[in-house]
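Not measured: the values here are computed from a predicted model.
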Amino acid sequence: MDFKASLPQGISASLLSEQDLSQIYKLCQTQPQYFKQMGQTLSYQHLKHQLTALPDSGLSQDSKQFWGFWKGKELIAFCELILKFPEEDAAIIGWFMVKKSVAGRGLGSELIQSVKHHLSKLKVNELILSYSDKNYSGKHFWQGQGFEPTGEREKYPEVTMITMSCKL
């Protein structure tokens with residue numbers, strides 16, 4: 001997947017790996033409320049696990065893409081994608097985060113539009129995600145990107161996750 005053509009000017013994209021963990025950690029430190037809302041503690045172990053974690057469904061590792069979005073050498077956002085799940089023509093956004101210093105200016109919306117554009121080129125027809133019921137700004141953001149609640153909810157000890165989807 002090549003994001004080059006549809007990214008905002010001055011932004012590049014690359015797949016993230018363990019070599020990028022310190023940059024991912026720094027970006028996550030700018031959004032401590034996310035981890036609080038999720039009942040999680042930010043750690044290198046958690047981030048390392050997220051780079052390769054897949055749903056327990058028999059998917060191969062090539063279904064997982066963890067994209068970093070860069071302004072020069074600075075990681076300013078990332079997006080975890082799981083392709084061909086839960087259906088062959090669907091994908092999941094497992095995690096999307098924008099660095100706090102650049103958030104609130106439309107960059108996140110532009111990046112999600114770029115992700116949607118390229119997923120549609122891969123014949124993905126539906127994009128699915130879940131957000132924390134405690135994340136009111138996240139709900140508003142995703143609705144602004146064309147996502148609608150599916151009615152599905154998953155309750156965990158710390159949080160209830162609400163599922164949304166968007167047709168591409």
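Of all the heavy atoms in Leu81 and Val115, the pair that sits closest is CD2-CG1, 4.0 Å. Listed here is the closest heavy atom pair of Gln23 and Leu75: OE1-N, 3.6 Å. Residues Met164 and Gln143 share a closest heavy-atom pair of CE-CG, 3.5 Å. Here the closest heavy-atom approach between residue Val159 and residue Met38 is recorded as CG1-O, 4.3 Å. Closest approach of Cys166 and Gly146 over heavy atoms only: SG-O, 3.6 Å. Closest of all the heavy-atom pairs between Val98 and Leu27 is C-CD2, 4.1 Å.
Rounding to the nearest 0.5 angstrom, the gap separating the CD atom in Glu110 from the CD atom in Gln9 is 10.5 Å. How far CG of Leu15 is from CG of Asp20: 9.5 Å, rounded to the nearest 0.5 Å. In this structure, the separation between CG on Leu16 and CG on Leu21 is 9.0 Å, given to the nearest 0.5 Å. To the nearest 0.5 Å, the span separating OG on Ser60 from CG on Leu54 amounts to 8.0 Å. Summarising the geometry, atom CD1 belonging to Ile162 is positioned 14.5 Å from atom CH2 belonging to Trp142; distances are rounded to the nearest 0.5 Å. Going from atom CG of Leu111 over to atom CE of Met97 covers 14.0 Å, rounded to the nearest 0.5 Å.
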side-chain contact (heavy atoms from CB on, under 4.5 Å) evaluation trace for Met161 with Ser132: CA-CA 5 Å; Met161 299 300 290; Ser132 162; 4.3 Å; yes
Yes or no on side-chain contact (heavy atoms from CB on, under 4.5 Å) for Gln37 and Gln33, after CA distance, side-chain angles and deciding distance? CA-CA 6 Å; Gln37 291 167 348; Gln33 78 285 358; 4.3 Å; yes
Give the C-alpha distance, both sets of side-chain angles, the deciding distance and a yes or no for side-chain contact (heavy atoms from CB on, under 4.5 Å) between Tyr34 and Cys28. CA-CA 9 Å; Tyr34 170 83; Cys28 289; over 6 Å; no
Decide yes or no on side-chain contact (heavy atoms from CB on, under 4.5 Å) for Leu107 and Ile76, but give the supporting numbers first. CA-CA 10 Å; Leu107 177 65; Ile76 58 169; 3.5 Å; yes
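With hydrophobic clusters built from ILVMFWY side chains whose heavy atoms lie under 4.5 angstrom apart, Ile11 shares a cluster with Phe96. If you chain together hydrophobic residues whose side chains sit under 4.5 Å apart, Phe141 and Tyr131 fall into the same group.
Between the side chains of Glu126 and Ser165, at least one donor-acceptor pair of N or O atoms lies under 3.5 Å. Side-chain atoms of Ser17 and Gln19 include a donor-acceptor pair closer than 3.5 Å. The closest side-chain donor-acceptor pair between Ser14 and Trp70 falls under 3.5 angstrom. Side-chain contact of Thr163 with Thr150: a donor-acceptor pair under 3.5 Å is absent, judged by distance alone.
One N or O on the side chain of Lys64 and one on the backbone of Ala53 form a donor-acceptor pair closer than 3.5 Å. With hydrogens and angles ignored, the 3.5 Å screen pairs a side-chain donor or acceptor of Lys116 with a backbone N or O of Gln145. Of the possible donor and acceptor atoms, none in the side chain of Glu158 sits under 3.5 Å from a partner among the backbone N and O of Gln40.
Contact of the His46 side chain with the Tyr44 side chain is not registered, since no non-hydrogen atoms from C-beta on lie closer than 4.5 Å. Within the 4.5 Å cutoff, the side chain of Phe69 has heavy atoms near those of the Cys79 side chain. Two residues are said to be in side-chain contact when any heavy atoms from C-beta on lie closer than 4.5 Å; Leu51 and Ile24 meet this criterion. With a 4.5 Å cut-off on side-chain heavy atoms, Lys99 and Glu74 count as touching.
The number of heavy-atom neighbours closer than 6.0 Å to OH of Tyr136, taken from other residues, nucleotides and ligands shown, is 12 or below. Surrounding CD of Gln29 are more than 12 heavy atoms belonging to other residues, nucleotides or ligands, all under 6.0 Å away. No more than 12 heavy atoms of other residues, nucleotides or ligands sit less than 6.0 Å from atom CD of Glu87. The number of heavy-atom neighbours closer than 6.0 Å to CD of Gln61, taken from other residues, nucleotides and ligands shown, is above 12.
Of the candidates Ile128, Ile112, Leu119, Ile82, Ile93 forms a side-chain contact (heavy atoms from CB on, under 4.5 Å) with just one, namely Ile112.
Ring planes of Trp95 and Phe35: perpendicular class, angle over 60° (limits at 30 and 60°).
Between Phe66 and Phe78, the ring centre distance stays below 6.0 Å.
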